[in-house]
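Atoms considered below: every heavy atom in the structure, side chains included; atoms not considered: hydrogens, waters and symmetry mates. Remember, it's 1-based here, ligands and their atoms both numbered in the order they're listed.
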Amino acid sequence: MTASFDLTGRTAVVTGANTGLGQAIAVALAQAGASIVAVGRSAMDETERLCRDTGAGFRAVQADLSSLDPIEQIVGEAVSLGSRIDILVNNAGIIRRADAIDFTEKDWDDVMNVNLKSAFFLSQAAARTMLADGRGGKIINIASLLSFQGGIRIPSYTASKSGLAGLTRLLACEWAAKGINVNAIAPGYFVTNNTEALRHDPKRSADILGRIPAGRWGDPADLAGAAVFLASPASDYVHGIVLPVDGGWLAR
Ligand code: NAD
């Protein structure tokens with residue numbers, strides 16, 4: 001048997017797809033044949049152009065995932081575009097930086113709501129559609145090196161991403177036998193808005209680069225292979241993993 005990475009005929013929901021890693025993942029899934037429902041707070045024009053250039057079906061959903069309100073609409077848009085959700089990528093995420101001693105309740109709640117709470121309830125809503133017709137599906141959570149490590153000055157981010165790794169394993173255990181693969185990707189240090197503050201801090205930036213065995217920051221397109229693998233039949237027996245795509249960072 002040859003492994004299949006073909007996503008033709010599948011519908012993929014990607015959150016936070018207007019920029020950065022989410023945009024790169026949406027484009028990679030589109031190139032592999034999937035139709036894309038791109039969810040985000042702001043305009044999706046560039047992602048739409050890049051996805052449509054591949055010939056993919058595309059729909060944009062403007063939604064703020066700091067609350068659970070948009071979930072019904074997101075599922076509805078996916079079902080109307082492709083009749084069901086085949087693939088969900090929980091990518092939308094935010095980060096707040098401050099010393100733990102000064103960290104505010106707002107910076108805690110804001111991050112946990114987007115990074116963890118919405119990811120769980122969107123997974124639940126997607127899984128209900130995947131289970132309804134018995135055809136299963138793929139859920140990919142975008143975790144982080146902070147799913148494995150502590151970090152500094154990002155308490156709610158570390159808690160959310162460590163929580164997301166645990167949730168990935170729990171959902172895999174509950175849904176694996178029902179045909180849903182739940183896995184996560186842990187990106188290392190990538191050039192996106194999320195890491196802008198780090199990249200503009202000369203000391204932190206040099207320290208980080210010096211620790212990456214690959215000798216460079218990640219480019220969002222570096223996630224394409226892992227995303228397509230975990231979204232495709234090639235990963236049908238892969239459940240509950242957190243796959244680092246980190247230029248070797250965790251190997252140090
Ligand atoms: P980014 O800031 O460019 O993208 C974040 C995305 O999430 C944007 O599309 C944004 O619109 C969306 N988003 C944020 N809050 C939202 C909300 N309330 N409702 C809807 N959408 C919302 O950063 P990125 O680096 O592309 O981040 C994508 C994911 O990758 C995040 O979960 C982040 O934690 C994770 N990550 C990034 C890195 C990195 O090095 N860049 C490393 C590990 C993990």
Quiz item: Which atoms of ligand 1 sit under 4.0 Å from any heavy atom of Y157?
Solution: 33 (C), 34 (O), 35 (C), 36 (N), 43 (C), 44 (C)
Quiz item: Are the side chains of T11 and S83 in touch, meaning some heavy atoms are under 4.5 Å apart?
Solution: no
Practice problem: Pick, from I142, I208, D246, L198, the option with the minimum heavy-atom distance to atom 35 (C) of ligand 1. | Solution: I142
Quiz item: Are T15 and N91 close enough that a side-chain donor and a side-chain acceptor fall under 3.5 Å?
Solution: no
Quiz prompt | For D64, the ligand 1 atoms whose distance to one of its heavy atoms is below 4.0 Å | solution = 17 (C), 18 (N), 19 (N)
Self-check item: T8 side chain to D6 side chain, donor-acceptor N/O pair below 3.5 angstrom
Solution: yes
Self-check item: Contact atoms of ligand 1, heavy-atom distance to N193 under 4.0 Å
Solution: 2 (O), 3 (O)
Quiz prompt | Option of least heavy-atom distance to atom 5 (C) of ligand 1 (set: G93, G218, G20, G40) | solution = G93
Quiz item: Any idea which atoms of ligand 1 are less than 4.0 Å away from a heavy-atom of Y189?
Solution: 40 (O)
Quiz item: Can you tell which part of L21 has a heavy atom less than 4.0 Å from ligand 1: side chain, backbone, both or neither?
Solution: both
Exercise. Give a yes/no on ligand 1: does G188 have at least one heavy atom closer than 4.0 angstrom to it?
Key: yes
Practice problem: To the nearest 0.5 angstrom, please state how far the CD1 atom of I154 sits from the CG atom of L146. | Solution: 3.5 Å
Practice problem: Scan side-chain atoms only and decide if D64 and S66 contain a donor-acceptor pair under the 3.5 Å cut-off. | Solution: yes
Quiz item: Is there a donor-acceptor contact under 3.5 Å linking the side chains of T47 and Q23?
Solution: yes
Exercise. Under the salt bridge (charged side-chain N to carboxylate O under 4.0 Å, His left out) rule, collect the residues that match up with R216, sequence neighbours excluded.
Key: D222
Quiz item: Between N113 and S67, is any side-chain donor less than 3.5 angstrom from a side-chain acceptor?
Solution: no
Quiz item: Heavy atom of N18 under 4.0 Å from ligand 1?
Solution: yes
Practice problem: Establish, from distance only, whether the side-chain atoms of S232 and R10 form a donor-acceptor pair under 3.5 Å. | Solution: no
Quiz item: Nearest protein heavy atom to atom 14 (C) of ligand 1, by residue and atom, and its distance?
Solution: R41 NH2, 3.3 Å
Quiz item: With sequence neighbours left out, what residues match N18 under side-chain contact (heavy atoms from CB on, under 4.5 Å)?
Solution: S42, M44
Quiz item: Hey, which atoms in ligand 1 end up nearer than 4.0 Å to a heavy atom of A143?
Solution: 43 (C), 44 (C)
Quiz item: Looking at T195, which atoms of ligand 1 are within less than 4.0 Å of one of its heavy atoms?
Solution: 39 (C), 40 (O), 41 (N)
Exercise. Pull out every atom of ligand 1 sitting under 4.0 Å from any heavy atom of N91, numbered as shown with elements.
Key: 28 (C), 29 (C), 30 (O), 31 (C), 32 (O)
Quiz item: Identify the closest protein heavy atom to atom 43 (C) of ligand 1: which residue and atom is it, and at what distance?
Solution: P187 O, 3.4 Å
Self-check item: Residue pair F190, W217: steps toward the ring-ring contact (aromatic ring centres under 6.0 Å, His included) verdict
Solution: CA-CA 5 Å; F190 279 67; W217 287 64; 9.1 Å; no
Quiz item: Heavy atoms only: which of T192, N113, L65 is nearest to atom 41 (N) of ligand 1?
Solution: T192
Self-check item: Contact check, K161 vs ligand 1, heavy-atom distance below 4.0 Å
Solution: yes
Quiz item: Which bit of S42 is near ligand 1, meaning a heavy atom under 4.0 Å away: side chain, backbone, both or neither?
Solution: neither
Self-check item: Per-atom contacts, ligand 1 versus A63 - under 4.0 Å to a heavy atom
Solution: 19 (N), 20 (C)
Exercise. Starting from atom 40 (O) of ligand 1, locate the nearest protein heavy atom and write down its residue, its atom name and how far away it is, to 0.1 Å.
Key: F190 N, 2.7 Å
